[in-house]
Amino acid sequence: MMENKSIAFQNEMLKTIIDSVHEGIVIVDEKAKIIYMNKSYCEFLEKEQEEVIGKHVTEVIENTRMHIVVQTGKEERADLQYIKGNYMIANRIPIVINGKIIGAVGTVIFRDIHEWKRMNSHIKSLLLQLQTYLEEWKEDNGAKYTLSDIVSQSKQMEMLKERVKRIADSDVSVLIRGESGTGKELFAHSIHQLSSRSHKPFIKVNCGAIPDHLLESELFGYEEGAFTGARKGGKKGKFQLADGGTVFLDEIGDMPLHMQVKLLRVLQEKEIEPVGSTKTVPVDVRIIAATNRPLEKLIEEKRFREDLYYRINVVSIFIPPLRERPEDISALVHHFVNKISKRAGKRITAIDENVWHIFSQHSWPGNIRELENVVEVAVHFAEGETITVEALPEYLRANSVYQLQGKTLKQLLEETEKAIIKKSLSLHQNDKVKAAEALGISKSTMYEKLKKYGLDG
Ligand SMILES: Nc1ncnc2c1ncn2[C@@H]1O[C@H](COP(=O)(O)OP(=O)(O)OP(=O)(O)O)[C@@H](O)[C@H]1O
């Protein structure tokens, strides 16, 4: 029993090995009937394994000599064999047990390495093309981010992520609110990724960026001849392209009223009517909308339809501005420093404490997008491996001077003096004499101040 099991195991193991190699391998018995042919060989000959097993080898392989090897018992190595328009290198080895020939093993590979290389580079270029298409497709149709791309440490954001996990898989419409640059688009991508629609397209429409007269055809497509300049054969709109997936309506607060009416009808009827067509087309999409505009106020002013508001606002997600979650700043800065320094080929190992101070005092009106831009500038302008205040954009440095935080005039003056001395030293490659000269102070005063501010190390 045990022995049987091990034979079955060995058989399976051998089959797996033989099938996993690139060479073509064939095994024949003493009558030159095929006992086994591996996958590569079958694929190359365009034959099925079941169909070749049991057949005489000459019926299956052109110009073979396997039937001769089982008679002569002489191995043949590196023989050129012409098969299916290719010269192959063939090896044929008899299997001998107790002096008796019981079969033979044959292997074939492509004749020369150039041919292999040519094939290889052909395949590589095909793969590259495929990759490019895939990336383009993903760019247009795929969600690029998932929840793990949303860097955060604050309680508010962690709770938000939990909420997103809970609602993502249902098909309800989600309205994402938050100031510009808070990460609304990131959340929209993540919701799609977590939903059962994730393998279907995620299509973004920037309602604020498309001119009024084009928005309808962008969203719902058009028929051939719908207007002058219309493409032959018409064009599919974003809703049709997203069928089965998600449409992300960014800046929905900027959608013109006449389009709001049409959008509402589509959401209610679940069908669209392409421009210039009289027929409707059913569509199955989930809606995620985002805005930084005060929709309730727009409703009061009759600039946003209340019925549409209720339709898209089944679940609403509010992303707090960065100034309300300062705990996230440090994690975000480290994340962006890593990302940007890698891309810029720079090594950044530290961030000066004054930089952290400025970051914690700033109100970040542009939220994470602003923070990312600031880090980008800082990484590029950093001299050496530390990001210092000098590398920050001018407006942040200027603002920081007016951050009094209950400090005495003496403290503020000292902080400023220290920053100026550091700047002068860095401008003069740490040459203390030159830095002192440039600031119009004596050498001894310079040394005194360096000691006072702990800059003499
Ligand atoms: N928590 C986060 N972690 C990492 N990157 C973030 C985070 N939040 C935002 N970002 C980055 O900040 C930038 C702005 O984010 P996003 O475009 O999602 O903001 P938005 O709220 O949609 O802005 P807008 O309203 O202006 O369209 C993007 O580059 C995004 O990758």
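A 4.5 Å side-chain heavy-atom check between Glu62 and Met88 finds every atom pair outside the cut-off. Side-chain contact between Leu322 and Phe359: absent, with no pair of heavy atoms (C-beta onward) separated by less than 4.5 Å. At a threshold of 4.5 Å between non-hydrogen side-chain atoms, the residues Phe220 and Met259 count as touching. With contacts defined as side-chain heavy-atom distances shorter than 4.5 Å, the pair Tyr145/Gln193 does not qualify. The side-chain heavy atoms of Arg177 and Leu295, taken from C-beta on, include a pair separated by under 4.5 Å. Side-chain contact check for Arg311 versus Asp307: every heavy-atom pair is 4.5 Å or farther apart. Between Asp456 and Lys432, every side-chain heavy-atom pair lies at or beyond the 4.5 Å cut-off. The side-chain heavy atoms of Arg286 and Val172, taken from C-beta on, include a pair separated by under 4.5 Å.
The backbone N or O of Val21 sits less than 3.5 Å from a side-chain atom of Ser40, completing a donor-acceptor pair. Looking at Glu23, its side chain never comes within 3.5 Å of a backbone N or O of Thr107 through a donor-acceptor pair. Using a distance-only test at 3.5 Å, with no hydrogens or angles considered, no donor-acceptor pair links the side chain of Ser277 to the main chain of Glu273. In this structure a side-chain-to-backbone donor-acceptor pair under 3.5 Å is present from Gln260 to Arg303. A donor-acceptor pair under 3.5 Å is absent between the side-chain atoms of Ser198 and the main chain of Leu194, judged by distance alone. The backbone N or O of Glu324 lies less than 3.5 Å from a partner atom in the side chain of Gln156, making a donor-acceptor pair. Not a single donor-acceptor pair under 3.5 Å links the side chain of Gln240 to the backbone N or O of Val283. Under the 3.5 Å distance criterion, the side-chain polar atoms of Asn313 are left unmatched by any main-chain donor or acceptor of Leu175. With Asn338 contributing its side chain and His335 its backbone, the two residues share no donor-acceptor pair below 3.5 Å.
Lys443 NZ: 12 or fewer foreign heavy atoms inside a 6.0 Å radius. For Met13, the CE atom is densely surrounded, since the number of other residues' heavy atoms within 6.0 Å is greater than 12. Residue-environment remark: NZ (Lys155) stays at or below the threshold of 12 foreign heavy atoms within 6.0 Å. For Phe318, the CZ atom counts as densely surrounded, since its 6.0 Å shell holds more than 12 non-hydrogen atoms of other residues, nucleotides or ligands. By the neighbour-count criterion of 12 heavy atoms within 6.0 Å, atom NZ of Lys236 is sparsely surrounded, having that number or fewer from other residues, nucleotides or ligands.
Interatomic distance, Arg163 CZ to Ile317 CD1, rounded to the nearest 0.5 Å: 5.5 Å. Atom CZ of Phe381 sits about 9.0 Å away from atom NZ of Lys346, to the nearest 0.5 Å. Once rounded to the nearest 0.5 Å, the distance linking CD1 of Ile387 with CD1 of Ile348 reads 4.5 Å. Distance check, rounded to the nearest 0.5 Å: OG of Ser173 to CG of Leu267 gives 6.5 Å. In this structure, Tyr309 OH and Ile252 CD1 are separated by 12.0 Å, a value rounded to the nearest 0.5 Å. We find the CD1-CD distance between Ile288 and Glu185 to be 11.0 Å, quoted to the nearest 0.5 Å.
Looking at Val281, Ile203, Asp284, Leu263 one by one, the single match for side-chain contact (heavy atoms from CB on, under 4.5 Å) with Phe239 turns out to be Leu263. Among the candidates Val164, Ile191, Ile312, the single residue satisfying the side-chain contact (heavy atoms from CB on, under 4.5 Å) test with Val174 is Ile191.
Ionic pairing of Glu414 and Lys449 is not present here: no N-O contact between side-chain nitrogen and carboxylate oxygen is shorter than 4.0 angstrom. Between Glu372 and Arg369, no side-chain nitrogen of the basic residue sits less than 4.0 Å from a carboxylate oxygen of the acidic one, so the salt-bridge criterion is not met. Using a 4.0 Å cut-off between charged nitrogen and carboxylate oxygen, Arg325 and Glu158 do not count as a salt-bridge pair. Using a cut-off of 4.0 Å between Lys/Arg side-chain N and Asp/Glu carboxylate O, Glu301 and Lys297 are scored as salt-bridged. In summary, Glu162 and Lys165 engage in a salt bridge, as defined by a charged side-chain N under 4.0 Å from a carboxylate O.
When all heavy atoms of Ala436 and Ser442 are compared, the closest pair comes out as CB-O, 4.1 Å. When all heavy atoms of His189 and Phe202 are compared, the closest pair comes out as NE2-CE2, 3.6 Å. Between Glu179 and Pro365, the shortest heavy-atom contact is OE1-O, 4.0 Å. Contact detail for Ala344 and His380: the closest heavy-atom pair is CB-NE2, 3.8 Å. A pairwise comparison of heavy atoms in Ser154 and Asp328 identifies N-OD1, 2.6 Å as the closest pair. Across all their heavy atoms, Cys42 and Glu48 have their closest contact at SG-C, 4.3 Å.
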- Take Thr182 and Trp364 through the side-chain contact (heavy atoms from CB on, under 4.5 Å) test and state the conclusion after the steps. CA-CA 10 Å; Thr182 44; Trp364 300 109; over 6 Å; no

- Start with the C-alpha distance between Ile368 and Phe336, add both sets of side-chain angles, then the distance that settles side-chain contact (heavy atoms from CB on, under 4.5 Å), and finish with yes or no. CA-CA 10 Å; Ile368 328 286; Phe336 291 133; 3.7 Å; yes

- Run the numbers on Asp169 and Ser196 for side-chain contact (heavy atoms from CB on, under 4.5 Å), then give the verdict. CA-CA 6 Å; Asp169 207 22; Ser196 50; 3.7 Å; yes

- Message: What verdict does the side-chain contact (heavy atoms from CB on, under 4.5 Å) test give for Leu257 and Lys302, after you've listed the backbone C-alpha separation in whole Å, the side-chain angles of each residue and the deciding distance to 0.1 Å?
- Response: CA-CA 9 Å; Leu257 268 174; Lys302 305 254 175 283; 5.8 Å; no

- Item | Check against side chain to side chain donor-acceptor pair (under 3.5 Å), Gln49 and Tyr36 | CA-CA 8 Å; Gln49 248 169 358; Tyr36 197 74; 3.2 Å; yes

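In this structure, the side-chain hydrogen bond (donor to acceptor under 3.5 Å, both in side chains) partners of Lys422, at least two apart in sequence or on a different chain, are Asp352. Shown here are the side-chain hydrogen bond (donor to acceptor under 3.5 Å, both in side chains) partners of Glu51, two or more places apart in sequence or in another chain: there are none.
Residue pairs meeting the side-chain hydrogen bond (donor to acceptor under 3.5 Å, both in side chains) criterion with at least one partner in residues 246-259, sequence neighbours excluded, are His192-Thr246, Asp254-Arg293.
For the residue pair His362 / Glu370, a side-chain donor-acceptor distance below 3.5 Å is found, with atom types taken as modelled.
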